[in-house]
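The structure under discussion appears below in the form of structure tokens.
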Amino acid sequence: LASILAGILFGCSLGGAIVVILATQFFGFHVLAVQSPSMTPAIDKGDLVVTRPTGASGLHKGDIIYFVDSEGLPTIHRIVVRNEITLNANTPDGKFLGSRTDFQFVTKGDANPAIDGGDVTAKQIKGKLWFVIPGLGSLAGGGGLQLLLLGIAAVVAVRWLAMEFGSRLGRK
């Protein structure tokens, strides 16, 4: 029974690591350990957040987004203002050629007293919050969920193999 449970745990942790690696490497998902309390109480320092890719047009006031700020720092804050800017292109004689809509967002950490400096553009946005795993960011450290799951899989695999070899040697 212990061997079966160890095998299941090994398979789940290894499978989870593979899914996370594929999602982050090929499908635009991000897994981040929260380093500051700026989003408390919604997200605490030490939580692990998973974001999924999204277009700027699908974002609204109240959404929590992951973006890289103007100084290059990864940030997870809430949208407090959504600005939609439509630009029309016309010929010199006034004939309409087309239009383009750009989005800019004003963000703020829930625990911060003031809004963030500068608007967030669509190019800065990396994703929208999908879910939070409380406290797991502290366990994952700087390596993220992928390394944590691979570490669990490695520990369980070693223990499982030791158990299997021990039981096989005991039968002989």
Side-chain angles (χ1 to χ4, degrees), residues 12-13 15-92 94-153:
C12 288
S13 56
I18 291 168
V19 167
V20 169
I21 289 168
L22 289 174
T24 57
Q25 295 300 313
F26 300 110
F27 299 110
F29 287 75
H30 296 276
V31 179
L32 306 151
V34 176
Q35 302 296 316
S36 83
S38 69
M39 282 300 294
T40 302
I43 303 170
D44 292 319
K45 182 178 179 178
D47 288 351
L48 198 73
V49 297
V50 179
T51 66
R52 63 178 178 218
T54 187
S57 63
L59 296 172
H60 302 284
K61 181 179 177 181
D63 288 341
I64 297 173
I65 58 172
Y66 164 47
F67 62 95
V68 176
D69 71 11
S70 59
E71 297 174 6
L73 297 173
T75 306
I76 298 173
H77 280 174
R78 188 178 304 276
I79 295 172
V80 293
V81 175
R82 175 183 188 238
N83 294 313
E84 188 172 324
I85 303 154
T86 301
L87 305 169
N88 293 322
N90 298 313
T91 62
K95 183 179 177 188
F96 178 73
L97 294 173
S99 66
R100 181 183 84 212
T101 302
D102 288 333
F103 297 91
Q104 293 180 341
F105 304 93
V106 177
T107 57
K108 178 184 174 295
D110 290 355
N112 293 348
I115 62 172
D116 299 335
D119 290 345
V120 176
T121 65
K123 288 184 179 182
Q124 292 174 276
I125 296 170
K126 302 296 181 193
K128 178 180 175 180
L129 180 70
W130 190 23
F131 61 90
V132 177
I133 305 172
L136 195 57
S138 297
L139 290 175
L145 184 59
Q146 302 95 315
L147 289 179
L148 177 65
L149 290 171
L150 286 172
I152 291 170

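All values reported here derive from a predicted model rather than from experimental measurement.
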Do [X] and [Y] have side chains that approach each other closer than 4.5 Å (heavy atoms only, starting at C-beta)?
| X | Y | result |
| --- | --- | --- |
| Val49 | Ile76 | yes |
| Asp44 | Val34 | no |
| Phe105 | Arg82 | yes |

Note to self: Among Asp110, Asp69, Asn112, Ile64, exactly one meets side chain to side chain contact (heavy atoms under 4.5 Å, CB included) together with His77. Which residue is that?
What the structure shows: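 With His77 as partner, Asp110, Asp69, Asn112, Ile64 yield a single side chain to side chain contact (heavy atoms under 4.5 Å, CB included), made by Asn112.
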Notebook entry, point to check: Taking only residues at least two apart or on different chains, which pairs with a member in residues 111-123 satisfy salt bridge (charged side-chain N to carboxylate O under 4.0 Å, His left out)?
Noted result: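 Non-adjacent pairs meeting salt bridge (charged side-chain N to carboxylate O under 4.0 Å, His left out): zero.
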Next item on the list: For the pair His30 and Tyr66, name the ring-plane relationship: parallel under 30°, tilted 30 to 60°, perpendicular over 60°.
Entry: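 Perpendicular.
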Note to self: Going by the rule side-chain hydrogen bond (donor to acceptor under 3.5 Å, both in side chains), which residues pair with Thr121 if we only count those two or more places apart in sequence or in a different chain?
What the structure shows: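 Residues passing side-chain hydrogen bond (donor to acceptor under 3.5 Å, both in side chains) with Thr121: Gln124.
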If you round to the nearest 0.5 Å, how far is [atom2] of [Y] from [atom1] of [X]?
| X | Y | atom1 | atom2 | result |
| --- | --- | --- | --- | --- |
| Asp47 | Met39 | CG | CE | 11.0 Å |
| Asn90 | Leu97 | CG | CG | 6.5 Å |
| Arg100 | Asn88 | CZ | CG | 11.0 Å |
| Ile65 | Lys128 | CD1 | NZ | 10.5 Å |
| Ile43 | Ile133 | CD1 | CD1 | 12.0 Å |
| Ile125 | Phe103 | CD1 | CZ | 10.0 Å |

Without placing hydrogens or testing angles, list every side-chain donor-acceptor pair under 3.5 Å for residues 50-63, not counting sequence neighbours.
unit_1	atom_1	unit_2	atom_2	d
Asp63	OD2	His60	N	2.8

